Structures are given as structure tokens and as C-alpha cells.
Amino acid sequence: MKPIIPTTLLLVEDSPGDVRLTQEAFRDANQAIRLHVAWDGAEAMAFLNRQGANINAPRPDLILLDLNLPKMDGREVLAQIKEDENLKTIPTVILTTSAAEADIDKSYRLRANCYLNKPVDLEAFEALVMSINDFWLTKVKLPQLRQAG
Amino acid sequence: MPIEVLLVEDSPGDVRLTQEAFRDANSTIHLSVATDGVEAMAFLKRLGTHANSPRPDLILLDLNLPKMDGREVLAHIKEDEDLKTIPTVILTTSDAESDVVRSYQLQANCYLTKPVQLDAFEALVKSINDFWLTKAKLPQQRQTV
């Protein structure tokens with residue numbers, strides 16, 4: 001049997017319903033995922049920079065980032081991740097209800113690795129999480145090196 | 001409306017396989033091919049015989065290429081204000097960690113290793129189609145340079 005190496009995901013999302021759905025969908029899709037949740041942009045940056053209570057936070061293999069967040073906007077979180085020499089290699093996928101062309105363009109400009117629309121439909125949401133798992137956590141080569149901060 | 005994909009690949013066998021796999025996966029894809037890095041940049045910048053080339057919705061980029069290396073092509077794309085928003089997927093036989101990390105540092109949107117097996121290669125092309133060309137939102141604006 002192949003050893004299961006847990007994949008660490010950071011979900012940055014302020015809607016409790018969406019957090020719950022995402023957790024459940026990933027649990028169904030892939031047992032080896034450890035999903036951490038940051039409820040606003042400031043918490044996401046504290047997690048990534050291991051500040052305060054996050055001193056032992058793991059480095060995520062993949063970040064799922066909502067755009068509209070309290071305290072610090074998702075666009076600013078994205079900009080900070082991609083400007084940081086240590087964090088910039090972590091694939092960061094935008095997962096948002098916004099389908100505005102301006103948000104899509106701006107996100108790719110800020111170096112989002114990919115932009116996904118949250119479907120309103122429950123089944124479509126579960127299918128999208130399944131796709132994220134199948135593509136990003138199965139097919140894609142993610143950086144393995146845990147670089148020092 | 002056809003989806004424009006630019007494949008930058010010097011191996012004729014891999015070009016052929018990719019063309020066939022995309023044709024099976026999605027008939028609305030228009031696949032253009034550049035066989036070296038210089039041709040890829042000429043295509044993207046519409047130079048010379050490429051004056052009428054379409055703006056790709058997605059780029060599939062090999063790393064080891066003649067004339068101009070894939071890493072340099074990637075750097076040029078991601079430094080260009082007009083081209084940087086085009087999702088650029090590395091598709092290479094290299095699974096060296098240094099190539100993976102370097103590619104993400106150069107802002108590759110994702111990194112895929114080419115499987116040697118035919119079935120696995122076809123499955124990967126199908127995944128690229130399912131994820132990037134069906135699920136992902138791509139920038140729609142055809143910007144003028």
C-alpha cells in the first residue's frame with residue numbers, strides 16, 4: 001500500500017455555509033487532505049506567516065481563496081502571497097461567486113494560478129471540489145520543498 | 001466561439017498526440033503549435049508571418065525547447081503586461097523539483113509532467129480540457145497591444 005502523505009490545504013472563506021460544504025466535499029473526495037480554514041484575510045496572512053497563535057501552522061500545498069473577505073480583501077491577500085519570495089510558489093486558486101470580468105482579469109494579473117466560480121447549486125459545488133481534487137491534488141505537480149521562512 | 005490553445009512543443013510525436021487527444025476531448029478547440037521558444041514569442045507578439053495569430057486562451061509550454069528555452073518563454077510571457085494574464089501550463093517530461101519550483105517562481109499557472117504511457121497522456125489532456133477549458137474562468141478580453 002502506498003503511504004498516504006497528507007496534503008495541506010488552506011481555505012480562506014468567510015461564509016460558514018461554504019466552509020462546511022467545502023469541508024464535506026473534500027472529505028468525500030480525498031481522505032488524505034488536511035483542510036485548514038482562515039475566516040478573513042488577516043487570519044490567512046497570520047496563518048501563512050506563522051504569526052501569533054499560528055506559530056506551528058503548516059505550509060499549505062494549495063490555497064483556495066475567496067475574493068470578498070472581511071478585514072483584508074482577497075485581492076490584497078493574493079498580492080501579498082505573490083510578492084513574498086517564500087510564499088509565491090504556493091498555487092493559489094481563486095474560488096468566488098464573482099463572475100465579473102474585471103475580477104477575473106485582475107486576479108490573473110495579481111498572479112492567481114487559476115480562477116473558479118462557486119456554483120450556487122449544491123451538486124455543482126461538490127463536482128467542482130471533486131475537480132479541484134482530481135486536477136490540482138492528483139495531476140498537478142506541486143512544489144514539495146518546505147522552504148524556510 | 002473556438003477556444004484558442006497554443007502548444008509550444010518541439011517533439012513531433014507529442015504534438016501529434018496532443019492534437020489527437022484534444023480533438024477527441026473537445027471539438028471547439030483550435031490548437032496552434034509553435035515548435036520552439038522563438039516561434040512561440042513571435043506567435044504571441046504577432047511578429048512576421050504571425051501578424052494574424054489569435055490570442056491564446058491557454059498556453060501549454062514545454063520546458064526544454066530549441067532556440068529559446070521554455071523557462072525564458074515563461075518569463076517573457078509573465079513580464080509582459082498584455083500577455084501575463086494568459087494561463088500558462090507547463091507540460092514537460094521533467095519532474096525535477098528544481099524545475100517545478102522554478103516554474104512556479106516564474107508564475108507558471110500550473111505544472112504537469114507528461115506521462116510516458118499513451119493512455120495516461122490522453123487522460124491528462126482530457127483533464128486539462130475538463131479543468132482549464134470547462135471549469136476554470138479564463139480572461140475573456142482580447143486586449144490590443
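Protein chains get the first letters and strands the later ones, always in sequence-line order, with residue 1 at the start of each. In this text the structure is predicted, and so the values were computed from the model without any measurement.
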[X] and [Y]: same hydrophobic cluster, using ILVMFWY side-chain contacts below 4.5 Å?
X	Y	result
A/L122	A/V129	yes
A/M130	A/L116	no
B/I59	B/I3	yes

To the closest 0.5 Å, what do you measure between [atom1] ([X]) and [atom2] ([Y])?
X	Y	atom1	atom2	value
A/Y108	B/Q107	OH	CD	14.0 Å
A/T92	B/N109	OG1	CG	11.0 Å
A/D134	B/S127	CG	OG	7.5 Å
A/L142	B/Y104	CG	OH	5.0 Å
B/K135	A/L128	NZ	CG	7.0 Å

TODO: Return the orientation label for the B/F131 and A/F135 ring planes: parallel under 30°, perpendicular over 60°, tilted otherwise.
DONE: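 Geometry flag for A/F135 against B/F131: parallel rings.
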- [ ] State, yes or no, whether a side-chain contact exists between A/P91 and B/Y111 at a heavy-atom distance under 4.5 Å.
- [x]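 Not in contact.
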Taking [X] for its side chain and [Y] for its backbone only, find out whether a donor-acceptor pair lies under 3.5 Å.
X	Y	result
A/N117	B/K137	no
A/Q144	B/E97	no
A/E101	B/P139	no
A/R109	B/E81	yes

Tell me whether the count of non-hydrogen atoms from other residues, nucleotides or ligands lying under 6.0 Å of [atom1] in [X] goes above 12.
X	atom1	value
A/K82	NZ	yes
A/K106	NZ	no
B/L118	CG	yes

TODO: Below 4.5 Å from any heavy atom of chain A, which atoms of B/D95 appear? Answer side chain, backbone, both or neither.
DONE: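 Backbone plus side chain of B/D95, per the 4.5 Å heavy-atom cut-off to chain A.
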Open item on the list: Which atoms of B/L138 are under 4.5 Å from chain A, going by heavy atoms: the side chain, the backbone, both sets, or neither?
Closed with: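 It is both, since atoms from each part get that close.
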- [ ] For chain B, find which of A/K139, A/K88, A/R111, A/K141 contributes the most heavy-atom pairs closer than 4.5 angstrom.
- [x]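 Top count of heavy-atom pairs under 4.5 Å with chain B: A/K141.
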Task: Heavy-atom pair with the smallest gap, counting every atom of B/V101 and A/T89 - done: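 Answer, listing the atom of B/V101 first, then A/T89: O-CG2, 3.9 Å.
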